[in-house]
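To start, the structure under review is shown below, and the notes come after it.
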Amino acid sequence: MKRIGLIGVGEIGRALVEGLCEGIDEAPEVYLSPRGARTAEELAGRFETVRVCADNQAVVDSSEIVLIAVRRDQRYEALAGLRVDGDRTVVNVMAGVRNDELRKTLGGDAPIVRAIPLPTVRERRSVTVTCPAHPLVDALFEELGGVLPVADEAAFDVFSALTGTLTTHYAYLASLTGWAGEQGIAHAEAERYVRSLFQGVGRSLGDEARTLQQLAADHETPGGNNERIRTTWFDAANSAALTTALDGLLSDLG
Ligand SMILES: NC(=O)C1=CN([C@@H]2O[C@H](COP(=O)(O)OP(=O)(O)OC[C@H]3O[C@@H](n4cnc5c(N)ncnc54)[C@H](OP(=O)(O)O)[C@@H]3O)[C@@H](O)[C@H]2O)C=CC1
């Protein structure tokens with residue numbers, strides 16, 4: 001049975017513990033840092049294999065894999081004086097902290113793997129990008145919905161940039177709803193309809209036999225309404241603006 005430690009039991013930490021333990025017969029042992037006390041206590045109360053440790057070093061000492069899930073600026077305090085030797089593996093989930101930066105803050109010579117878990121690990125439905133590949137860590141994320149190991153942090157940054165597009169998607173749907181409201185449609189009706197439209201998109205994305213281009217083509221009548229909006233709104237200028245925003249984000253991540 002795996003022993004997993006978690007330093008930083010906040011939003012993503014909770015999602016990871018729930019994904020690892022909820023409804024699992026042989027859940028791993030999970031050791032939590034004491035900070036984020038309310039969440040840590042609640043998780044330990046809910047899951048038999050979850051325990052809260054006295055301090056962060058006790059988390060390390062109890063675990064084979066140690067996930068570091070504090071905020072970037074909290075890492076100095078969280079990791080001060082901590083030693084993680086080579087018989088353990090560290091998973092760095094902090095956005096914007098490269099593995100070599102973390103290495104400088106962390107005592108010991110444990111291998112460090114970077115990862116981007118998303119909140120849907122809670123339902124074991126999220127593909128997690130890791131760097132570099134590591135058998136234990138990749139097996140852990142495989143159980144949480146899948147793993148996508150990449151060769152270097154330059155590739156990792158490209159995937160990080162993609163995760164930055166999620167809330168824009170919700171804002172786009174809210175804009176569609178707002179536009180319908182301006183045409184006199186009741187907000188609740190517009191929102192219900194937009195949600196239903198795009199839940200259909202979500203389901204069709206699960207059909208991996210068709211490429212994204214095929215899915216778009218299959219939903220579009222030549223000369224029809226979808227083609228009209230795609231070509232008049234998502235035109236060359238709009239597409240170039242998206243590329244510029246992603247390029248800017250990528251260069252800041254690097
Ligand atoms: N939220 C997300 O969807 C994702 C987040 N991440 C990354 O995960 C990290 C955490 O994000 P998120 O969960 O949203 O943040 P939260 O603020 O929700 O959680 C941070 C947790 O760290 C705890 N903490 C602070 N200082 C220490 C310390 N010295 N020792 C132990 N624990 C400490 C906090 O405890 P207290 O409440 O007591 O201050 C809190 O529980 C970030 O680096 C973020 O970039 C990565 C992928 C997705």
Side-chain angles (χ1 to χ4, degrees), residues 4-20 30-47 50-63 65-84 88 90-107 112-131 137-138 140-141 144-150 153 156-170 249-250 252-254:
I4 294 162
L6 185 60
I7 296 178
V9 193
E11 199 57 37
I12 197 67
R14 170 199 284 278
L16 286 160
V17 175
E18 289 176 341
L20 289 166
V30 180
Y31 297 91
L32 305 179
S33 57
R35 279 283 294 273
R38 189 183 295 185
T39 308
E41 288 300 341
E42 186 223 304
L43 292 168
R46 259 169 76 195
F47 302 115
V50 177
R51 313 229 184 307
V52 183
C53 294
D55 56 38
N56 292 351
Q57 187 65 51
V59 173
V60 171
D61 295 343
S62 308
S63 312
I65 298 177
V66 183
L67 295 123
I68 300 182
V70 296
R71 294 188 180 197
R72 183 191 160 110
D73 56 335
Q74 295 169 330
R75 72 187 190 278
Y76 300 106
E77 190 198 326
L79 306 178
L82 212 63
R83 189 174 171 83
V84 194
R88 279 131 172 75
V90 170
V91 183
N92 166 20
V93 311
M94 294 175 286
V97 180
R98 309 188 81 78
N99 285 341
D100 57 356
E101 275 179 78
L102 177 57
R103 166 75 59 216
K104 288 183 205 146
T105 324
L106 200 61
I112 301 178
V113 177
R114 222 175 148 187
I116 323 177
L118 296 176
T120 43
V121 290
R122 176 177 288 122
E123 296 117 53
R124 300 186 278 276
R125 293 171 86 153
S126 176
V127 172
T128 300
V129 177
T130 59
C131 177
V137 177
D138 291 352
L140 173 77
F141 287 116
L144 294 173
V147 65
L148 184 58
V150 296
E153 284 184 285
F156 187 92
D157 288 343
V158 173
F159 287 96
S160 292
L162 291 179
T163 68
T165 63
L166 263 179
T167 59
T168 302
H169 190 75
Y170 290 111
L249 174 56
L250 184 60
D252 287 346
L253 291 172

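Throughout, residue positions are numbered sequentially from 1 according to the sequence presented. Values reported hereafter were calculated over all heavy atoms of this structure, with side chains retained and with hydrogens, waters and symmetry mates removed. Remember, it's 1-based here, ligands and their atoms both numbered in the order they're listed.
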Quiz item: Under a 4.5 Å cut-off applied to non-hydrogen side-chain atoms, are I68 and R75 in contact?
Solution: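 No, every pair of side-chain atoms sits at 4.5 Å or beyond.
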Quiz prompt | Under the side-chain hydrogen bond (donor to acceptor under 3.5 Å, both in side chains) test, residues paired with S63 that sit two or more places apart | solution =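 If we apply the side-chain hydrogen bond (donor to acceptor under 3.5 Å, both in side chains) test to S63, skipping adjacent residues, there are no hits.
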Practice problem: Please list, chain by chain and in numerical order, all residues satisfying side-chain hydrogen bond (donor to acceptor under 3.5 Å, both in side chains) with R98, sequence neighbours excluded. | Solution: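 For R98 the side-chain hydrogen bond (donor to acceptor under 3.5 Å, both in side chains) partners, ignoring immediate neighbours, are D157.
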Practice problem: List in chain and number order the residues that pass salt bridge (charged side-chain N to carboxylate O under 4.0 Å, His left out) with E18, two or more places apart in sequence or in another chain; answer none if no residue qualifies. | Solution: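 By the salt bridge (charged side-chain N to carboxylate O under 4.0 Å, His left out) rule, E18 matches R14, R46, R122.
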Could you tell me, for ligand 1, which of its N or O atoms are under 3.5 Å from any protein N or O, listing the pairs and their distances rounded to 0.1 Å?
from, atom 1, to, atom 2, distance (Å)
ligand 1, 13 (O), E11, N, 3.0
ligand 1, 13 (O), I12, N, 2.9
ligand 1, 15 (O), R71, NE, 3.4
ligand 1, 17 (O), R71, NE, 2.6
ligand 1, 17 (O), R71, NH2, 3.0
ligand 1, 18 (O), E11, N, 2.9
ligand 1, 26 (N), R35, NH2, 3.3
ligand 1, 30 (N), N56, ND2, 3.1
ligand 1, 35 (O), G36, N, 3.2
ligand 1, 38 (O), R35, NE, 2.8
ligand 1, 38 (O), G36, N, 3.0
ligand 1, 39 (O), R35, NH2, 3.0
ligand 1, 41 (O), V9, O, 3.2
ligand 1, 41 (O), G10, N, 3.4
ligand 1, 43 (O), V70, O, 2.7
ligand 1, 45 (O), A95, N, 3.0

Quiz prompt | Distance, nearest 0.5 Å, that separates CG of L148 from CZ of F141 | solution =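 So the CG of L148 and the CZ of F141 are separated by 12.5 Å.
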Exercise. Enter the distance from L79:CG to L102:CG here, rounded to the nearest 0.5 Å.
Key: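 Those atoms lie 6.5 Å apart.
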